[in-house]
**Q** 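Below you'll find the structure I mean.
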Amino acid sequence: MNILKEAKTFETISTELLVVGVTKHREQMQNWTSFSSFYGESLDMWVSAGDVSTELKKLTKLPFVKEHANLKRILFVGLDERKNLTEGDVRAAFGLVGKELRALKVKEYSIWLESFTTETISVTDVAFLAGEGIGLGYYSIPHYKTTSNEVDKRIEAVHLVTTAGDLDEVVAGFEVGVIYADAVNEARSLINLPPNLLTATDLANYAESLASEYNFEVEILGKAQLEELGMGGILSVNQGSYEEPRLITLKYKATDDFENPIGLVGKGVTYDTGGYSLKPKDSMVGMKGDMGGAAAVLGAMKIIGELRPNKNVVAVIGSTDNMVSDTAFKPDDVITTYSGKTVEVLNTDAEGRLVLADATTYAKQQGAASLIDVATLTGGVITALGMDKTGALSNDDEFFAAFMEAAGETDEFVWRMPLTESDKKRIRKSDVADLNNSPGRDGHMIFGGGFVGEFVGETPWIHLDIAGTSDAVAAHDLGPKGGTGVMVRTLANFVQRLGEEK
Ligand code: BES
Ligand code: ZN
Ligand code: ZN
């Protein structure tokens with residue numbers, strides 16, 4: 001999106017479409033009287049009669065009125081009671097606006113920022129939420145239909161209408177919102193790519209392109225190098241595959257000494273058949289999205305590259321597919337991970353934790369002083385929490401509490417699950433190895449993440465299981481069905497906050 005921003009008042013604006021928030025009690029709205037008298041008495045009447053809805057997130061389009069040749073359409077956004085309005089509501093409402101803008105094929109639009117403010121949501125906040133929400137809602141899934149006649153619907157200009165607030169700050173707020181949305185959308189597109197078009201090599205190429213755009217240090221390890229290092233976790237998952245694995249490392253250096261970087265570790269399984277513990281055919285469909293954790297980390301890195309926070313970051317992604325062939329690993333195999341710990345493979349479909357084991361060990365070796373791993377790891381998290389909540393584990397209450405503040409701000413729901421000593425015992429239960437990769441189906445979200453925890457040690461750590469939240473089965477306020485890019489925004493927001501702490 002190439003966006004121009006100017007500040008104008010609605011009296012002087014010339015626009016295809018003006019976005020206006022409307023609440024039940026319009027008298028509480030700054031400038032409503034001047035706006036309605038500018039537009040004409042009929043406007044107030046329509047709102048009173050309910051023809052312009054004030055119901056939360058309901059959109060009403062008013063057409064072109066001759067007297068207002070410069071203001072062709074108004075898109076009203078219902079906001080219900082202003083005092084109840086949360087940032088999440090405003091973001092979601094702008095998501096729906098984004099969808100409408102795409103449907104209307106507008107090339108230019110304006111937002112009256114003050115009409116969305118509350119006592120706690122400033123004009124700059126609104127600008128940020130608009131940039132982000134509209135950017136997210138506007139996204140559509142790239143497709144391969146030969147009959148497509150999609151025209152270029154790019155938005156060329158946005159006018160931010162405001163008389164309050166520092167204009168530069170407001171414009172910057174909008175721009176940061178757009179940066180967040182663009183990164184999420186790129187993560188979504190990675191998730192939505194078919195597995196024949198996104199292999200581990202392709203994912204590594206994408207990471208390299210990010211590195212050259214944002215000046216990250218990059219290292220891509222191929223099969224031979226992983227063999228040399230003894231990364232038996234990722235290698236055994238890759239063992240049945242024609243496609244080579246990749247261990248991708250990106251470093252964002254806020255300081256030259258690269259002190260205490262946070263490690264972001266992503267599961268990048270580009271296709272999960274289950275291996276010899278083969279998935280039933282209906283559960284296999286959709287497993288192109290098993291690299292959602294990698295997409296979340298790469299999306300967050302894109303925002304970090306754009307905004308350059310004062311916090312060192314090392315991102316490590318383990319990428320491979322999980323296939324069946326005469327060379328594939330098998331249940332009963334005993335493997336040696338990069339850490340030296342041995343694992344009895346009881347289920348080749350519990351492959352993500354094997355990849356993450358090596359990636360986590362590598363991140364620590366690269367200096368990670370804290371760790372967050374993100375993965376579409378278990379169906380168990382869906383059984384426990386549904387499709388709209390990310391499940392978490394952590395070994396550090398303070399670190400987790402700080403992370404939850406970031407998740408609260410981005411409005412991405414995260415719920416922490418317990419990891420007890422008896423859970424750890426079950427992960428360590430094996431007659432032949434240090435660990436087993438599948439202690440059972442009861443509460444198995446905990447075993448998946450807990451397995452990764454075995455490679456973390458004392459380092460403050462958060463595990464995020466996004467198996468439910470990474471792919472949406474239906475369209476939602478902030479986007480279409482398919483890859484959601486969940487955790488891109490929260491990870492980036494968290495790193496930004498850590499950068500501000502110092
Ligand atoms: N990639 C799957 C988890 C998954 C399930 C992601 C549904 C997205 C939607 C993972 O590798 C897997 O197969 N997990 C197994 C673990 C089991 C074998 C212990 C599962 O959840 O059934
Ligand atoms: Zn699996
Ligand atoms: Zn998987």
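Because the structure is predicted, anything quoted here is derived from the model rather than measured.
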**Q** Taking the side chain from T378 and the backbone from G448, do they hold a donor-acceptor pair closer than 3.5 Å?
**A** no

**Q** With a cut-off of 3.5 Å and sequence neighbours excluded, list every side-chain donor-acceptor pair involving residues 411-418.
**A**
from, atom 1, to, atom 2, distance (Å)
E412, OE1, M487, N, 3.0
E412, OE1, T490, N, 3.3
E412, OE1, T490, OG1, 2.6
E412, OE2, M487, N, 3.2
R416, NH1, D397, OD1, 3.0
R416, NH2, S394, O, 3.2
R416, NH2, D397, OD1, 3.2

**Q** I want to check something: taking the side chain as every heavy atom from C-beta on, are D89 and K57 in contact at a cut-off of under 4.5 Å?
**A** no

**Q** Who pairs with E227 by salt bridge (Lys or Arg N to Asp or Glu O under 4.0 Å), at least two apart in sequence or on another chain?
**A** none

**Q** Return yes when atom CG of D257 has more than 12 non-hydrogen atoms of other residues, nucleotides or ligands closer than 6.0 Å, and no otherwise.
**A** yes

**Q** Look at the side chain of S236 and the backbone N and O of G232, then say whether any donor-acceptor pair between them is shorter than 3.5 Å.
**A** yes

**Q** Taking only residues two or more places apart in sequence or in another chain, which ones pass ring pair (Phe, Tyr, Trp, His ring centres under 6.0 Å) with F455?
**A** F451

**Q** Ignoring hydrogens and angles, tell me if any N or O in the side chain of N322 forms a donor-acceptor pair with the backbone of T348 under 3.5 Å.
**A**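 Yes.
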
**Q** For T327, does its backbone N or O pair with a side-chain atom of Q239 as donor and acceptor, under 3.5 Å?
**A**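 Here the side-chain-to-backbone pair exists.
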
**Q** Donor-acceptor pairs are to be reported for all side-chain atoms of residues 298-306 against protein atoms at under 3.5 Å, with residues two or more places apart or in another chain.
**A**
from, atom 1, to, atom 2, distance (Å)
K302, NZ, E186, OE2, 3.4
K302, NZ, Y214, OH, 3.2
E306, OE2, Y214, OH, 2.6

**Q** Would you say that N310 contacts T255 through its side chain, given a criterion of any heavy-atom pair below 4.5 Å between the two side chains?
**A**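 They are in side-chain contact.
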
**Q** Using a distance-only test with no angle check, is there a side-chain donor-acceptor pair under 3.5 angstrom linking S339 and T361?
**A**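 The criterion, which ignores hydrogens and geometry beyond distance, is not satisfied for T361 and S339.
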
**Q** Do F128 and F174 come close enough that some side-chain heavy atom pair is under 4.5 Å?
**A**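 They are not in side-chain contact.
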
**Q** Can you name the salt bridge (Lys or Arg N to Asp or Glu O under 4.0 Å) partners of E208, sequence neighbours left out?
**A** none

**Q** Give me the one residue out of V343, L435, I234 that meets side chain to side chain contact (heavy atoms under 4.5 Å, CB included) with T337.
**A**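 Answer after filtering V343, L435, I234: V343.
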
**Q** When you compare the side chains of T410 and N493, does any donor N or O come within less than 3.5 Å of an acceptor on the partner?
**A**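 Result is no, nothing qualifies.
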
**Q** Closer than 3.5 angstrom, by distance alone: can the side chain of N185 be matched with the main-chain N or O of Y139 as a donor-acceptor pair?
**A** no

**Q** Is any side-chain heavy atom of I155 closer than 4.5 Å to one of L101?
**A**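 Yes, close enough: below the 4.5 Å cut-off.
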
**Q** Between R188 and N192, is there a side-chain donor-acceptor contact under 3.5 Å, judged purely by atom types and distance?
**A**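 Their side chains do not contain a donor-acceptor pair, so the 3.5 Å distance test is not met.
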
**Q** Establish, from distance only, whether the side-chain atoms of N347 and S277 form a donor-acceptor pair under 3.5 Å.
**A**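 On atom types as modelled, these side chains qualify, holding a pair under 3.5 Å.
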
**Q** Who passes ring pair (Phe, Tyr, Trp, His ring centres under 6.0 Å) against F494, sequence neighbours left out?
**A** F399, F403

**Q** Is it the case that atom OH in Y242 sees more than 12 heavy atoms from other parts of the structure closer than 6.0 Å?
**A** no

**Q** Ignoring hydrogens and angles, state whether a donor on the side chain of Y271 or E243 is under 3.5 Å from an acceptor on the partner side chain.
**A** no

**Q** Does any donor atom in the side chain of D321 or T270 lie under 3.5 Å from an acceptor atom in the other side chain?
**A**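 Side-chain D/A pair, D321 to T270: absent.
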
**Q** For H463 and L393, indicate whether the former's side chain and the latter's backbone hold a donor-acceptor pair under 3.5 Å.
**A** no

**Q** Do R246 and T320 touch side chain to side chain, with heavy atoms closer than 4.5 Å?
**A**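 A side-chain contact under 4.5 Å is absent here.
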
**Q** When you measure from the side chain of N395 to the backbone of T459, do you find a donor-acceptor pair of N or O atoms at a distance under 3.5 Å?
**A** yes

**Q** Checking K288 side chain against L198 main chain: does a donor-acceptor pair fall under 3.5 Å?
**A**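 The answer is no, because no donor-acceptor pair under 3.5 Å joins these two groups.
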
**Q** Backbone N or O of G479 within a donor-acceptor pair of the K99 side chain at under 3.5 Å?
**A** yes

**Q** If you take all heavy atoms of V316 and L247, which pair is closest and at what distance?
**A**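 Shortest heavy-atom separation between V316 and L247 comes out as CG1-CD1, 4.0 Å.
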
**Q** Looking at V158, V97, L96, which hits side chain to side chain contact (heavy atoms under 4.5 Å, CB included) with I134?
**A** V97

**Q** Compare all side-chain heavy atoms of I372 with those of V265 and state whether any distance is below 4.5 angstrom.
**A** no

**Q** Quick check: are there more than 12 heavy atoms from other residues, nucleotides or ligands sitting under 6.0 Å from CG of D332?
**A** no

**Q** Check whether F258 forms a cation-pi arrangement with K253 (NZ or CZ under 6.0 Å from the six-membered ring centre, at most 45° off the ring normal).
**A** yes

**Q** State whether a side-chain donor-acceptor pair under 3.5 Å links D471 with T484.
**A** no

**Q** Return the set of residues passing ring pair (Phe, Tyr, Trp, His ring centres under 6.0 Å) with Y252 (not counting sequence neighbours), or none when no residue passes.
**A** none

**Q** Under the salt bridge (Lys or Arg N to Asp or Glu O under 4.0 Å) test, which residues partner K429, sequence neighbours left out?
**A** none

**Q** Taking the side chain as C-beta and beyond, is there a heavy-atom pair between D202 and L197 under 4.5 Å?
**A** no

**Q** Test: salt bridge (charged side-chain N to carboxylate O under 4.0 Å, His left out). Region: residues 374-392. Which pairs qualify, not counting sequence neighbours?
**A** none

**Q** Is there side-chain contact between E405 and R497, with at least one heavy-atom pair below 4.5 Å?
**A** yes

**Q** Taking the six-membered ring of Y180, is the NZ or CZ of R489 close enough (under 6.0 Å from the centre) and on axis enough (within 45°)?
**A** no

**Q** Would you say the side-chain atoms of T342 pair up with the backbone N or O of T336, donor to acceptor, closer than 3.5 Å?
**A** no

**Q** Please name all residues satisfying ring pair (Phe, Tyr, Trp, His ring centres under 6.0 Å) with F116, sequence neighbours left out, ordered by chain then number.
**A**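 Counting only residues at least two positions away or on another chain, F116 forms a ring pair (Phe, Tyr, Trp, His ring centres under 6.0 Å) with F94.
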
**Q** Mind checking salt bridge (Lys or Arg N to Asp or Glu O under 4.0 Å) for D358 and listing every partner two or more places apart, or none if nothing turns up?
**A**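 So D358 forms no salt bridge (Lys or Arg N to Asp or Glu O under 4.0 Å) with any residue.
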
**Q** What residues, two or more places apart in sequence or in another chain, satisfy side chain to side chain donor-acceptor pair (under 3.5 Å) together with T390?
**A**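 With sequence neighbours excluded, T390 shows a side chain to side chain donor-acceptor pair (under 3.5 Å) to T469, given in chain and number order.
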
